[in-house]
Chemist: 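One structure, as structure tokens, below. Some questions next.
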Amino acid sequence: MNDSLKQKIKQFVLTGISEEKAAAVPDPFWQGLRNAGTELWLDTGDMDEAEKNWSAEMTALTTNNTLVNKEIQKGIYDDFIEKAKVIVSELPLEEQIVEIAFILNARHGMRLAKKFGGKVSVELHTNTAHNFDAIIDYGLRYHDINPEQFIVKVPYTAVGLLGARRLRELGVKINFTLEFSARQNVMVAAITKPNYCNVFLGRIGAYIKDNGLGSGEGGGERAVISSQRYITELTKRNTEPTKLIAASLRNYDQLDTLAGTDVFTMPTKVASEGKLNLSGKFSSKLGVVYPVDLTDEAVVYAPEKIWNVTDKELELAKSLDKDCPKSGNELIDRVHQAGCGDMFPYLSERDLKFIADDGKIPKHERWAHRIESGELAIDTLLNLAGLASFTADQAELDERIRKIITTS
């Protein structure tokens, strides 16, 4: 795509945004969490729900392919899609769809930024997850639209690690996403040095519980606290240390049990229930080691890989930073050569289809023998399932775009 069309798209995204600024009233409840050391983000793309929960202590909102898709499916952007079609009409159909998806993410992100005045995490199209050049191109374009408020979310893939590293070198703010363990976040912090990285803690507990490996209690919390410790130590000397996000809290009591974590992204339901049920007297829990409720049988599947980091994994991450791979395939091969192949396993198309079919929470019985053998790991499966889930939601959004631009 030529620079002239990119500039037309940028102007189209920015023109006609007229959101009224949301009230940001100080709230002692949320100030208690800020005093404990936690930055507060709302995890929603729904502007009405966000406004009901917004306070002066909150600094950002985060969206993803799923949350943006929910907004688009309401039909609120159908007329806007019709207008966007005219701007990108010279492109082939499939490129039009991807480009309009970018336009919608940028437009909705700008509306959130204008209304709430904070930072906004914006997501790449899922078809860029393994495409270095596309990650760079769209990351820079988001940055060009709103360099102060936009934080670009890049997913945890081998290519994503390299793409995000390059974007950071170019000054783009990065929220590295779809991590499920401390060791994944060590890789991210060492190689990419993003502004933010994540633990999607709710799905950790769900995997353990849904697959009969335990109650699920403590797993996500343990992963967050452990990740926080490693990330703080690894990046404390960086010009801009990486902050850890406890991503998409599931239960309001996690506001208390994870207080002191760098950042919370809170669904609006969790935020409102927390205010209703908690005292507001928070203290940092970063020194707590939460027990994980597991069955005796679960031990053979090495669930501790979610919260522990071995010396071998730590040294691998540092070596990949010092001598950065030139491609995603080279990174994966070096991970295997270091004896850490379960972090980036070689999988067939059939394997990937099974993961996509399983949904957000993989079916353990399908993968149990390969996990036990060390070929796969639970955190890796959760990452692959998360990307597949986002891809499915992106496809639904893309299909709405397709129908509008091909029938109008």
Side-chain angles (χ1 to χ4, degrees), residues 156 178-187 198-231 244 246-254 256-258 261 285-314 316-317 335-336 338-347 351-352 354-386 388-389:
Y156 185 88
L178 276 180
E179 301 95 297
F180 292 86
S181 66
R183 64 181 191 154
Q184 288 176 342
N185 277 307
V186 162
M187 292 280 281
N198 290 260
V199 175
F200 278 60
L201 68 152
R203 298 184 200 179
I204 296 170
Y207 184 96
I208 294 170
K209 181 178 179 181
D210 292 0
N211 288 296
L213 302 178
S215 71
E217 293 182 8
E221 289 81 358
R222 184 83 167 264
V224 169
I225 299 298
S226 178
S227 293
Q228 180 72 78
R229 184 172 69 252
Y230 281 105
I231 297 313
L244 181 77
S248 196
L249 305 182
R250 291 286 183 91
N251 305 303
Y252 69 81
D253 58 358
Q254 290 169 332
D256 178 56
T257 57
L258 292 172
T261 305
K285 301 300 192 301
L286 295 185
V288 178
V289 179
Y290 288 107
V292 184
D293 182 35
L294 298 167
T295 64
D296 292 339
E297 294 76 16
V299 67
V300 300
Y301 305 115
E304 72 276 1
K305 289 183 178 182
I306 294 171
W307 48 84
N308 289 344
V309 181
T310 66
D311 290 343
K312 181 169 61 175
E313 291 160 350
L314 187 58
L316 169 63
V335 168
H336 281 260
C340 301
D342 65 347
M343 296 190 75
F344 285 100
Y346 298 123
L347 297 174
D351 291 333
L352 295 174
F354 280 143
I355 290 170
D357 290 344
D358 283 354
K360 289 182 180 180
I361 308 301
K363 295 176 181 175
H364 179 77
E365 61 183 15
R366 191 197 301 276
W367 310 101
H369 68 287
R370 294 168 74 175
I371 295 173
E372 187 175 356
S373 73
E375 179 188 353
L376 288 171
I378 293 170
D379 58 346
T380 305
L381 275 176
L382 283 166
N383 162 259
L384 293 167
S389 176

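None of these values were measured; they are calculated from a predicted model.
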Chemist: For the OG atom of S226 and the CD atom of E304, what is their distance to the nearest 0.5 Å?
Modeler: 11.5 Å

Chemist: Name the atoms and distances for all side-chain donor-acceptor pairs under 3.5 Å in residues 294-301, with sequence neighbours left out.
Modeler:
from, atom 1, to, atom 2, distance (Å)
T295, OG1, L213, O, 3.4
T295, OG1, A298, N, 3.3

Chemist: Can you name the nearest heavy-atom pair linking Y346 to E375, along with the distance?
Modeler: O-OE2, 4.3 Å

Chemist: Can you sort out the partners of A223 under side-chain contact (heavy atoms from CB on, under 4.5 Å), two or more places apart, ordered by chain and number?
Modeler: V199, I204, I306

Chemist: Could you report the tightest heavy-atom contact between D379 and Q184, atom names first, then the distance?
Modeler: O-NE2, 3.3 Å

Chemist: Might you work through the side-chain contact (heavy atoms from CB on, under 4.5 Å) test for T261 and L286, ending with a clear yes or no?
Modeler: CA-CA 7 Å; T261 305; L286 295 185; 4.1 Å; yes

Chemist: Over all heavy atoms of both residues, which pair between L382 and K360 is shortest? Give the atoms and the distance, please.
Modeler: CD2-O, 4.1 Å

Chemist: What are the two closest non-hydrogen atoms of E221 and T257, and how far apart are they?
Modeler: CG-OG1, 4.1 Å

Chemist: Report the distance from atom CG of D293 to atom CD of E217, rounding to the nearest 0.5 Å.
Modeler: 6.0 Å

Chemist: Any idea which heavy atoms bring L314 and V309 closest together, and the distance?
Modeler: N-CG1, 4.2 Å

Chemist: Y252: which residues meet the ring pair (Phe, Tyr, Trp, His ring centres under 6.0 Å) condition with it, sequence neighbours left out?
Modeler: none

Chemist: Counting only heavy atoms not in K209, do more than 12 sit closer than 6.0 Å to its NZ atom?
Modeler: no

Chemist: Before giving the answer on side-chain contact (heavy atoms from CB on, under 4.5 Å), spell out for E313 and M187 the whole-Å C-alpha distance, their side-chain angles and the decisive distance to 0.1 Å.
Modeler: CA-CA 8 Å; E313 291 160 350; M187 292 280 281; over 6 Å; no

Chemist: Does the N211 side chain pair with the main chain of H364, one donor and one acceptor, at a distance under 3.5 Å?
Modeler: yes

Chemist: Could you check whether any side-chain heavy atom of N383 comes within less than 4.5 Å of a side-chain heavy atom of E179, counting everything from C-beta outward?
Modeler: no

Chemist: Taking all non-hydrogen atoms of both residues into account, name the closest pair between A206 and R250 and its distance.
Modeler: CB-NH1, 4.4 Å

Chemist: Taking C-beta and beyond as the side chain, do I225 and V289 meet within less than 4.5 Å on heavy atoms?
Modeler: no

Chemist: Please examine the side chains of T380 and P345, heavy atoms only from C-beta on, and report whether any two atoms are closer than 4.5 Å.
Modeler: yes

Chemist: To the nearest 0.5 Å, what is the distance between CG (L316) and NE2 (H336)?
Modeler: 11.0 Å

Chemist: Would you please name every residue forming a side-chain contact (heavy atoms from CB on, under 4.5 Å) with A385, sequence neighbours left out?
Modeler: I355, P362

Chemist: Test of understanding: with ring pair (Phe, Tyr, Trp, His ring centres under 6.0 Å), list the residues that count as partners of F344, not counting sequence neighbours.
Modeler: Y156

Chemist: Mind checking what makes side-chain contact (heavy atoms from CB on, under 4.5 Å) contact with D342, not counting sequence neighbours?
Modeler: R183, K305, A377

Chemist: For D351 and R370, what are the C-alpha separation, side-chain angles and deciding distance, and is it a side-chain contact (heavy atoms from CB on, under 4.5 Å)?
Modeler: CA-CA 12 Å; D351 291 333; R370 294 168 74 175; 3.0 Å; yes

Chemist: Considering only heavy atoms from C-beta outward, does the side chain of N198 approach that of L178 to under 4.5 Å?
Modeler: no

Chemist: Nearest 0.5 angstrom please: D210 CG to K363 NZ, how far?
Modeler: 11.0 Å

Chemist: Is there side-chain contact between L376 and L347, with at least one heavy-atom pair below 4.5 Å?
Modeler: yes

Chemist: Measuring from atom NZ of K285 to atom CD of Q254, what distance do you get when rounded to the nearest 0.5 angstrom?
Modeler: 13.0 Å

